[in-house]
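Reviewing the structure listed below.
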Amino acid sequence: MIQFDLVRIFTEWNLKSFEGILPIPELRWNSRLKTSAGRFIPNRKKSVIEIASYLLDEPNAEELIRDTLGHEIIHYWLWEMKQPYGHTPTFHEKMNELGVSRYNSVPKHRPFKYCYVCKHCDQKILVRKRLQGAACAACCNLHADGKYHQNFILEVASHLEIPEAG
Ligand SMILES: [Zn+2]
Ligand SMILES: [Zn+2]
């Protein structure tokens, strides 16, 4: 397996698109991150950007890692600028400038195995691995200020094997 140096990729983005102003955050791989390719965890002392380890198994790993890290750096940059750091209009502008995706890409070639449902909003979520205590992101955003809330824990709707498309 090729190793990708997150610090190097961060530094490239920082110099190319942020005038090198961003202090280096904690950059780490997360092998448990399955529902998105990356995440940004704000912290006044040192923010954290996590990249899902499963990206390393993809044939276009480097591209996916660059794209995901670019996306998360925009969240981080907004936070550092003391601006709202969600997917705001400024976020989208910067995203276009960097040429990264709106959504964190989850590889599509592995079949989904489980269907979970949020009992609160009835949204169904297809996943490849079992979720443990994961909550509905939409409901947490809407009703719990974006924080994890156990009222919105996802429950298994059914086990299913969806054939791969194409
Ligand atoms: Zn995002
Ligand atoms: Zn929900």
Side-chain angles (χ1 to χ4, degrees), residues 4 6 9-10 12-14 16-18 22-44 46-55 58 60-108 112 114-158 160:
F4 292 99
L6 294 178
I9 301 171
F10 173 87
E12 284 170 9
W13 275 129
N14 195 15
K16 185 171 170 241
S17 306
F18 302 92
L22 295 171
I24 194 146
E26 190 177 333
L27 296 160
R28 62 188 181 210
W29 297 100
N30 184 338
S31 57
R32 287 155 306 156
L33 202 55
K34 306 289 183 194
T35 49
S36 66
R39 66 174 172 178
F40 166 63
I41 306 156
N43 187 294
R44 264 182 228 101
K46 195 169 198 176
S47 294
V48 180
I49 291 176
E50 290 186 339
I51 303 296
S53 313
Y54 70 76
L55 294 181
E58 297 305 310
N60 54 340
E62 172 136 37
E63 191 189 323
L64 289 171
I65 292 162
R66 275 182 58 78
D67 191 89
T68 304
L69 191 50
H71 180 109
E72 302 308 326
I73 293 172
I74 302 174
H75 287 302
Y76 172 52
W77 169 69
L78 289 170
W79 160 262
E80 283 286 315
M81 308 256 292
K82 310 216 177 341
Q83 288 184 31
Y85 60 95
H87 298 134
T88 59
T90 315
F91 186 99
H92 280 87
E93 252 171 57
K94 196 69 179 172
M95 207 173 55
N96 290 337
E97 192 188 313
L98 267 70
V100 299
S101 329
R102 161 68 181 80
Y103 296 103
N104 290 344
S105 43
V106 176
K108 290 182 177 60
F112 293 109
Y114 300 97
C115 181
Y116 282 79
V117 64
C118 169
K119 297 280 176 187
H120 195 260
C121 70
D122 216 36
Q123 197 197 325
K124 292 187 175 60
I125 293 163
L126 296 168
V127 291
R128 293 169 183 82
K129 296 234 172 114
R130 256 177 218 285
L131 300 176
Q132 269 161 354
C136 171
C139 284
C140 290
N141 280 335
L142 270 172
H143 311 296
D145 282 334
K147 294 196 186 74
Y148 177 89
H149 198 289
Q150 59 181 20
N151 280 4
F152 312 121
I153 284 180
L154 298 168
E155 293 177 34
V156 177
S158 59
L160 74 165

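Each ligand, and each atom within it, is numbered from 1 in the order the structure gives. The residues of the chain are indexed from 1 along the displayed sequence.
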Q: Report the name of the N/O/S atom of H71 located nearest to the Zn ion (ligand 1).
A: NE2

**Q.** Verdict with supporting geometry, E63 and R66, salt bridge (charged side-chain N to carboxylate O under 4.0 Å, His left out)
**A.** CA-CA 5 Å; E63 191 189 323; R66 275 182 58 78; over 6 Å; no

Q | Opening angle at the Zn ion (ligand 2) [SG, C139; SG, C121; to 10 degrees] | A | 110°

Q: Please confirm whether K94 makes a cation-pi placement over F18, using NZ or CZ under 6.0 Å from the six-membered ring centre and within 45° of the ring normal.
A: yes

Q | Short N/O/S contact of C118 with the Zn ion (ligand 2) (below 2.8 Å) | A | yes

Q. Any chance the rings of Y76 and H71 have centres within less than 6.0 Å?
A. no

Q) So, is C136 placed with an N/O/S atom under 2.8 Å from the Zn ion (ligand 2), counting both backbone and side chain? A) yes

Q. Can E26 and K46 be counted as an ion pair, charged N to O under 4.0 angstrom?
A. no

Q: May I ask you to check whether H149 and H120 show a side-chain donor-acceptor distance below 3.5 Å?
A: no

**Q.** Atom of H75 nearest the Zn ion (ligand 1) (restricted to N/O/S, atom name only)
**A.** NE2

**Q.** Atom of H87 nearest the Zn ion (ligand 1) (restricted to N/O/S, atom name only)
**A.** NE2

